[in-house]
Asker: 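This is the structure I have questions about; it appears just below.
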Amino acid sequence: NSSIYFADGTSGDQNYRGQIEYNHNLEIMRFYVAASERLRIDSSGNVAIGTTAVGSSAKLEVRSTTGAINSATLRVNGGLTTSGAVNTGSTLLFAGHIGTGERDFASVFAGKENGTSGNNDAYLAFGTRSGSAAVAERMRIDSSGKVGIGVSPTDHGSYGGTLEISGSPGGALYLKSGSDVGQLGMNSSGLQLRTRSAKDILFTTNNSERMRITNEGEMYLTGGASNG
């Protein structure tokens with residue numbers, strides 16, 4: 001093996017508190033701090049931090065004790081931009097090969113929600129790519145937990161709401177069970193509640209059915225039929 005040693009003293013591990021080692025038999029490069037291995041690059045160029053090997057065919061693995069929602073195993077920091085402006089933050093970008101070259105496919109971006117200095121409100125945005133266009137935002141979770149799909153979530157006042165869906169020519173939520181599909185949508189014609197197969201639409205309160213619209217267009221209210 002070939003090594004470079006960094007000593008803090010002349011006895012014990014003080015002789016090799018820091019070390020860069022190349023293992024010729026294993027074809028790996030190891031980096032030591034405080035007399036312990038901290039980082040390893042294997043013969044395939046994979047990087048292991050806090051462990052001696054990567055898992056799941058990864059190119060990079062960082063091993064640590066458990067993280068939490070506000071405690072990082074890996075931290076991505078866009079803090080070199082110090083303006084505090086709206087939409088400043090950091091990005092994870094995912095790319096791949098399309099057969100003719102490498103292209104960006106999708107992204108996750110954490111950004112500042114406003115331009116107020118000292119304000120911590122932030123959002124998380126998810127982007128995908130369609131055709132030759134650049135990666136674009138498709139979904140956002142704002143600082144209050146509201147979710148917008150195809151649109152940034154907005155405050156609707158007393159109407160509340162935690163999920164907002166927008167699209168062209170309208171926004172819709174599809175619910176699927178096997179081959180059966182239900183749809184709740186909104187477009188220029190108005191609010192639409194529909195099934196796309198021969199299924200009834202049921203309305204319940206307090207876990208009991210109160211109204212039913214059959215797939216043939218008949219409406220039943222608490223057991224009494226009203227043909228429509």
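Numbers here are sequence positions counted from 1. These values consider heavy atoms only, across backbone and side chains, with no hydrogens, waters or symmetry-generated copies.
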Asker: In Å and rounded to the nearest 0.5 Å, what is the CD1 to CZ distance from I149 to R138?
Answerer: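 These two atoms lie 12.5 Å from each other.
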
Asker: Please answer: with hydrophobic residues joined when any side-chain heavy atoms are less than 4.5 Å apart, are I141 and V108 in the same cluster?
Answerer: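 Result: yes, single cluster for both.
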
Asker: Around atom CG of N120, are there more than 12 heavy atoms of other residues, nucleotides or ligands at under 6.0 Å?
Answerer: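 Not more than 12 within 6.0 Å, no.
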
Asker: Is it the case that the side chain of S83 and the backbone of A85 share a donor-acceptor pair, with hydrogens and angles ignored and the cut-off at 3.5 Å?
Answerer: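 Indeed, once roles are kept as given, a pair shorter than 3.5 Å links the two residues.
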
Asker: Determine the minimum heavy-atom distance between A48 and A53, stating which atoms define it.
Answerer: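 Looks like CB-N, 3.9 Å.
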
Asker: Just do the side-chain contact (heavy atoms from CB on, under 4.5 Å) check on D104 and R129 with the steps written out, would you?
Answerer: CA-CA 8 Å; D104 297 334; R129 185 173 190 167; 4.3 Å; yes

Asker: Is there a donor-acceptor contact under 3.5 Å from the side chain of R196 to the main chain of V181?
Answerer: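 Between the backbone of V181 and the side chain of R196 there is no qualifying donor-acceptor contact (under 3.5 Å).
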
Asker: Measure the CG-CG distance between L175 and L184 for me, rounded to the nearest 0.5 Å.
Answerer: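 So the CG of L175 and the CG of L184 are separated by 8.0 Å.
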
Asker: Quick one: closest heavy-atom pair of Q19 and S3, and the distance?
Answerer: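 Result for this residue pair: NE2-OG, 3.4 Å.
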
Asker: L39 and L26: same hydrophobic cluster, using ILVMFWY side-chain contacts below 4.5 Å?
Answerer: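 Not linked; separate clusters.
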
Asker: Where do A125 and E137 come nearest, in terms of heavy atoms and distance?
Answerer: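 Here A125 and E137 meet closest at CB-CD, 3.7 Å.
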
Asker: Does atom CZ (R38) have a neighbourhood of more than 12 heavy atoms from anything else shown, all under 6.0 Å?
Answerer: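 Enclosed.
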
Asker: Do T205 and R210 pass the side-chain hydrogen bond (donor to acceptor under 3.5 Å, both in side chains) test, and can you show the C-alpha distance, the side-chain angles, and the key distance before you say yes or no?
Answerer: CA-CA 7 Å; T205 62; R210 308 302 185 185; 2.7 Å; yes

Asker: Run the side-chain hydrogen bond (donor to acceptor under 3.5 Å, both in side chains) check on Y123 and N87 step by step: do they pass?
Answerer: CA-CA 9 Å; Y123 64 86; N87 297 326; 2.7 Å; yes

Asker: Check step by step if side-chain hydrogen bond (donor to acceptor under 3.5 Å, both in side chains) holds for S2 and E21.
Answerer: CA-CA 6 Å; S2 301; E21 176 195 85; over 6 Å; no

Asker: Give the C-alpha distance, both sets of side-chain angles, the deciding distance and a yes or no for side-chain contact (heavy atoms from CB on, under 4.5 Å) between I20 and F6.
Answerer: CA-CA 9 Å; I20 301 173; F6 304 89; 4.2 Å; yes

Asker: So, the side chain of T195 versus the backbone of S197: is there a donor-acceptor pair under 3.5 Å, distance only?
Answerer: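 Answer holds: yes.
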
Asker: Determine, using the 4.5 Å side-chain heavy-atom cutoff (strictly less than), whether I201 and L191 are members of one ILVMFWY cluster.
Answerer: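 Result: yes, single cluster for both.
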
Asker: For the backbone of S208 and the side chain of T204, can you confirm whether one donor and one acceptor N or O come within less than 3.5 Å of each other?
Answerer: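 Checked: no pair found.
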
Asker: Would you say the side-chain atoms of D142 pair up with the backbone N or O of K146, donor to acceptor, closer than 3.5 Å?
Answerer: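 Yes, the answer is positive, given that a donor and an acceptor are paired below the 3.5 Å cut-off.
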
Asker: Between the side chains of E209 and Y220, is a donor N or O closer than 3.5 angstrom to an acceptor N or O?
Answerer: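 E209 vs Y220: no donor-acceptor pair found between side chains.
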
Asker: Nearest 0.5 Å, what's the CD1-CZ distance between I98 and R103?
Answerer: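 These two atoms lie 4.0 Å from each other.
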
Asker: Would you say Y22 and Y32 are hydrophobically clustered, going by side-chain heavy atoms of ILVMFWY under 4.5 Å?
Answerer: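 They do not share one cluster, since no chain of ILVMFWY contacts under 4.5 Å joins Y22 to Y32.
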
Asker: When you compare the side chain of I41 with that of F31, does any pair of heavy atoms fall below 4.5 Å?
Answerer: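 Answer yes - side chains close enough.
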
Asker: Taking all non-hydrogen atoms of both residues into account, name the closest pair between G78 and S90 and its distance.
Answerer: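 Closest pair (atom of G78, atom of S90, distance): N-CB, 3.7 Å.
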
Asker: Taking N15 for its side chain and G12 for its backbone only, find out whether a donor-acceptor pair lies under 3.5 Å.
Answerer: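 Looks like yes, one N/O pair under 3.5 Å.
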
Asker: Verify, without hydrogens or angle tests, whether D42 (side chain) and S44 (backbone) share a donor-acceptor contact under 3.5 angstrom.
Answerer: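 Checked: pair present.
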
Asker: Would S143 and E113 count as a side-chain hydrogen bond (donor to acceptor under 3.5 Å, both in side chains) here? Give the steps.
Answerer: CA-CA 8 Å; S143 60; E113 205 165 64; 2.6 Å; yes

Asker: Got a second to check how far T51's OG1 is from R40's CZ, nearest 0.5 Å?
Answerer: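 The OG1 atom of T51 sits 8.5 Å away from the CZ atom of R40.
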
Asker: Step by step, work out the salt bridge (charged side-chain N to carboxylate O under 4.0 Å, His left out) result for R17 and D13.
Answerer: CA-CA 6 Å; R17 295 296 288 172; D13 64 14; 3.3 Å; yes

Asker: Test M186 against S166 for side-chain contact (heavy atoms from CB on, under 4.5 Å), laying out the working first.
Answerer: CA-CA 9 Å; M186 183 72 184; S166 180; over 6 Å; no

Asker: Pick out which of L60, V47, V62, N46 makes a side chain to side chain contact (heavy atoms under 4.5 Å, CB included) with V54.
Answerer: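 Filter result, single survivor: N46.
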
Asker: Check whether any side-chain N or O of D200 sits under 3.5 Å from a backbone N or O of N215 as a donor-acceptor pair, and report yes or no.
Answerer: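 Judged by distance alone, yes, a pair lies under 3.5 Å.
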
Asker: Under a 4.5 Å cut-off applied to non-hydrogen side-chain atoms, are F203 and L193 in contact?
Answerer: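 Of all side-chain heavy-atom pairs linking L193 with F203, at least one is under 4.5 Å.
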
Asker: Evaluate the side-chain proximity of N23 to R30: yes if any heavy-atom separation is below 4.5 Å, no if none is.
Answerer: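 Contact flag for R30/N23 side chains = yes.
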
Asker: Without swapping roles, check the side chain of E61 against the backbone of G55 for a donor-acceptor pair under 3.5 Å.
Answerer: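 Yes: the side chain of E61 pairs with the backbone of G55.
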
Asker: Do Q192 side-chain atoms and N187 backbone N/O form a donor-acceptor pair below 3.5 Å?
Answerer: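 No, the answer is negative, given that no donor and acceptor are paired below the 3.5 Å cut-off.
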
Asker: Tell me every residue that passes ring pair (Phe, Tyr, Trp, His ring centres under 6.0 Å) with H97, counting only those two or more places apart in sequence or in another chain.
Answerer: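 H97: no ring pair (Phe, Tyr, Trp, His ring centres under 6.0 Å) contacts found.
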
Asker: Would you check, one step at a time, whether the test side-chain contact (heavy atoms from CB on, under 4.5 Å) holds for V86 with K112?
Answerer: CA-CA 5 Å; V86 64; K112 197 170 185 299; 5.8 Å; no

Asker: Nearest 0.5 angstrom please: F126 CZ to S107 OG, how far?
Answerer: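 Reported value, rounded in 0.5 Å steps: 9.5 Å.
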
Asker: In the structure I gave you, are the side-chain heavy atoms of M139 and V147 within less than 4.5 Å of one another anywhere?
Answerer: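 Yes. Closest side-chain heavy atoms under 4.5 Å.
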
Asker: CZ/R75 to OG1/T73 distance, rounded to the nearest 0.5 angstrom?
Answerer: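 The CZ atom of R75 sits 13.0 Å away from the OG1 atom of T73.
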
Asker: With hydrophobic residues grouped by side-chain heavy-atom distances under 4.5 Å, do L163 and V151 end up in a single group?
Answerer: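 In one cluster: no.
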
